[in-house]
Amino acid sequence: MKNSNMTVVRLYYGNRDISSEIQPSAVIIRGLSNGGTQVKPLRSGKENGVKYIETELECGLYCYKVFYPTPRDFGIKYFYIDGKSDYVEYKMLLEPYKESSYMQKAFSNTTDHVINEFYNPDKIEGFKTYATPAFLYHNDDRVFTSNEELCTFCEEIAKNCKYARIFYPTGLTSVYGLKTPVMVFTKDDIPEGATIEETADIVRSKGIREIMTVSGGMHGNEPAGMEGVLSYALELTTEYGERVLDKFGAIVLIPCVSADNTCTYYREYPDGCNSNRDLIVCEHDGSVVYATAYNLFMPTVTVSCHEDVGILKVNAADYSVDDIHIVAMAFNGAANTPVMDVNAAIRGENVYAEHMGMQMMQNVLDRLNAVGYRAQHYKHATYFPASERSYAAVRGAFAYLIELSGIDNGKGNFPLRVHGEVTTIKNIAEEVIAKNGEIAKTVYAARENVRVKEFSEGNRFITKMSKADIAEEPNPSIYVDGTYKDKDAVRPWPLYCKAEASRPMPTAYVIPADLAYIDSILRLLDTHNIAYKKLDSGSTLALRKYSMTYPPKATVELGEREEVTFENGAYLISTDSPAAYLIAYLFEPDSYPEGDGCRVSLFNMGYIRASDALYRCEEDGLPT
């Protein structure tokens, strides 16, 4: 007869290549993975070549860890023993060991009780899975879609769907030699063999239309983003695509922005750079691909697909978890954008709350909740201008961020996470369609209005922002056995940023042609499709000079207007441009604090030094 307080737990584990000399080890831990105690003794054995360990466990929280002889390559899975079963078993096979690569906590870090009660796909109306590589080839391992599988999948869609094209805008990545595909879906007549530049020219030549860009794979440990974009590509090959592409000039997909991160399942680039803070300095291949695709198509709407930590933090005091949303969303991300009223933000007004884009997002959240998702506003107010969302907003688009609960969850609840990405993308597209071209008209007009055609003290650029608490969001908490601890808990979140300091927009920035890093500056301007004019040697302009001190953060003073002659010539970067705010982020030395891990200005990139000459022009009628 079974001891009512004990359950036999068996864990199958190992290297999927069972012939490999390098095999992982496994332990069972009572309590949390950090600070818990190992369960001993364990019985061990082998079945069909796969090793296992087993033991009897009383009720409570446990986890198992399967690991290679490296501190980073491991998987963790929590489970809760409730005494209702005589026997339970789990399986964790690691990918073949590679000394130069690893996975990062690539399995579910919460219990099946929580997953089954709060993340059950059966409770989602219209739930389905997609025939993308992760589901076709990797249902029973720790590996996600490889770069080769990604490219092959995209190429097959382009081959079989008359509306789809695939491009590789840059060469192989510099770290691992991988490809970064960009897919374009359009009903425009694109000649066979057209380049991505030619395709973009055709799409943009048709007048004011909605163009949407959807990206994933920015962070390597957020695989549902990439798989969600691939799944949305499949949707665009169906009757859904036939209907939606009648309403969009083009839908541009970048499934895997950071191929070098994704292949190792690691959040940052190998040099430690957060890829989603790199989109202005563009030091990495993925950033160049994203900026290139954006500047070619100039979308009116962008969607970036990510995952956040969700429910991974277990409270050691009572084994509870909180923040159990499934989908979270954020709109825009910066006040210095063409579609925002910057002066209203400077006056202290919340320019986000009543914005059309924010209202659209609320409609999407309502629809997601109606079909069974727990959806809410994303809990962080940021204005990182070098992230996908903010970079797109600074260039004028209605920019949306999707966050699914899943960082480091590996395959835990993966089908629901992917479906959540697709469902949210589709609902954003429906909101755009419902506006019947209004977004495109708004964006096109705003990009023209942001041009600095004449100097005005009232036309300002915000150089410092801070978070503002304006709302409470649902924040229910549950125990790891799947029961509620506090169903109605709430938490205040800063949902927008307020202006703290600003400076008038100049009509142009001017730099000497003989700066030490002038080639790097011009290359960066070219990457962002920012125009500049070379001034002849001996040119003279009325300018104000920046005086800058550094480190740790830029302190800026402006000199009086003076006549400046450039003996060796200069470069003039006019702000009579739809990219006026991006230009200001680059050239205002204190446009963003480097201390927040995001290099934005040329000054904190090191391309313009404190000893260099940097000028602003506040005169009208500049040479063009």
Side-chain angles (χ1 to χ4, degrees), residues 153-155 157-170 180-216 228-257 289-305 357 360 388-389 391-393 395-400 422 424-444 446-447 529 578:
F153 181 83
C154 294
E155 289 165 3
I157 287 180
K159 178 181 176 181
N160 296 313
C161 177
K162 61 183 178 180
Y163 304 130
R165 303 287 188 277
I166 184 171
F167 304 98
Y168 298 98
T170 61
T180 309
V182 175
M183 300 193 74
V184 180
F185 288 79
T186 180
K187 287 191 173 182
D188 291 349
D189 186 13
I190 308 297
E192 190 70 28
T195 65
I196 190 171
E197 292 82 5
E198 293 166 341
T199 301
D201 287 343
I202 292 171
V203 168
R204 293 181 62 191
S205 71
K206 304 293 184 180
I208 298 176
R209 298 188 296 172
E210 304 292 1
I211 299 172
M212 183 167 71
T213 298
V214 185
S215 58
V229 178
L230 294 180
S231 300
Y232 188 64
L234 285 179
E235 291 279 7
L236 290 174
T237 67
T238 67
E239 291 181 3
Y240 167 83
E242 282 278 357
R243 176 178 65 85
V244 169
L245 291 172
D246 281 336
K247 305 298 183 179
F248 286 87
I251 296 178
V252 181
L253 306 184
I254 315 172
C256 186
V257 175
V289 171
Y290 185 91
T292 298
Y294 186 97
N295 291 309
L296 283 173
F297 289 92
M298 293 303 291
T300 58
V301 178
T302 66
V303 183
S304 50
C305 301
M360 290 167 59
E388 286 171 290
R389 173 171 55 121
Y391 178 86
R395 300 306 310 275
F398 278 43
Y400 294 95
V422 180
T424 309
I425 297 168
K426 292 176 74 174
N427 276 296
I428 292 172
E430 293 301 324
E431 280 294 310
V432 176
I433 292 170
K435 292 298 181 183
N436 196 30
E438 185 178 355
I439 297 173
K441 292 176 183 176
T442 299
V443 168
Y444 275 67
R447 285 172 175 160
N529 197 28

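Since we're looking at a predicted model, the values are computed, not measured. All values below were derived from every heavy atom in this structure, side-chain atoms included, with hydrogens, water molecules and symmetry-related copies excluded. Position 1 is the first residue of the sequence; numbering continues from there.
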Thr292 side, atom OG1; Phe167 side, atom CZ - distance, nearest 0.5 Å: 13.5 Å
Only counting residues at least two apart or in another chain, list the ones meeting side-chain hydrogen bond (donor to acceptor under 3.5 Å, both in side chains) with Tyr391. Asn295, His528
Is a side-chain N or O of Tyr400 found less than 3.5 angstrom from the main chain of Val301, in a donor-acceptor match? no
If you look at every heavy atom in Thr180 and Cys256, which pair is closest and at what distance? CG2-O, 3.3 Å
Would you name the heavy atoms of Ala392 and Ala399 that are closest together and state the gap between them? CB-CB, 4.0 Å
Please report the closest heavy-atom contact between Ser231 and Val422, naming both atoms and the distance. CB-CG2, 3.4 Å
Are Ile439 and Glu210 packed together at the side-chain level, in the sense that at least one heavy-atom pair is separated by less than 4.5 angstrom? yes
I'd like to check Cys305 versus Val214 (side-chain heavy atoms, cut-off strictly below 4.5 Å). Are they in contact? yes
Given Leu253 and Phe185, is the side-chain contact (heavy atoms from CB on, under 4.5 Å) satisfied, shown in steps? CA-CA 8 Å; Leu253 306 184; Phe185 288 79; 3.6 Å; yes
Which salt bridge (Lys or Arg N to Asp or Glu O under 4.0 Å) pairs, counting each pair once, include a residue from residues 192-207, with sequence neighbours left out? none
Do you know the tightest heavy-atom contact between Ile254 and Val229? C-CG1, 4.4 Å
Would Met360 and Ile428 count as a side-chain contact (heavy atoms from CB on, under 4.5 Å) here? Give the steps. CA-CA 8 Å; Met360 290 167 59; Ile428 292 172; 5.8 Å; no
What I'd like to find out is whether the side chain of Val432 reaches to under 4.5 Å of the side chain of Phe398, using heavy atoms alone. no
Is any side-chain heavy atom of Thr300 closer than 4.5 Å to one of Tyr444? yes
With heavy-atom distances below 4.5 Å as the criterion, would you say the side chains of Tyr168 and Val289 are in contact? no
Check whether any side-chain heavy atom of Thr186 lies under 4.5 Å from a side-chain heavy atom of Arg165, and answer yes or no. no
Reported CG-to-OG1 distance for the pair Leu234 and Thr238, which is rounded to 0.5 angstrom: 9.0 Å
Looking at every non-hydrogen atom in both residues, tell me the closest pair between Ala164 and Met183 and how far apart they are. CB-CE, 4.4 Å
Take Ile196 and Phe297 through the side-chain contact (heavy atoms from CB on, under 4.5 Å) test and state the conclusion after the steps. CA-CA 9 Å; Ile196 190 171; Phe297 289 92; 3.9 Å; yes
Qualifying salt bridge (Lys or Arg N to Asp or Glu O under 4.0 Å) pairs with a residue from residues 242-252, counting only residues at least two apart or across chains: Lys187-Glu242, Lys187-Asp246, Arg243-Glu430
Using every non-hydrogen atom in the two residues, find where Val182 and Pro169 come nearest and quote the distance to one decimal. CG2-CG, 3.6 Å
Answer yes or no: is there a side-chain heavy-atom contact under 4.5 Å between Glu235 and Val244? no
Test item: Ile202 and Pro191 side chains (from C-beta on) under 4.5 Å apart, heavy atoms: yes
Using the rule given for side-chain contact (heavy atoms from CB on, under 4.5 Å), can you reason through Ile251 versus Tyr163, listing the C-alpha separation, both sets of side-chain angles and the distance that settles it, and then say yes or no? CA-CA 10 Å; Ile251 296 178; Tyr163 304 130; over 6 Å; no
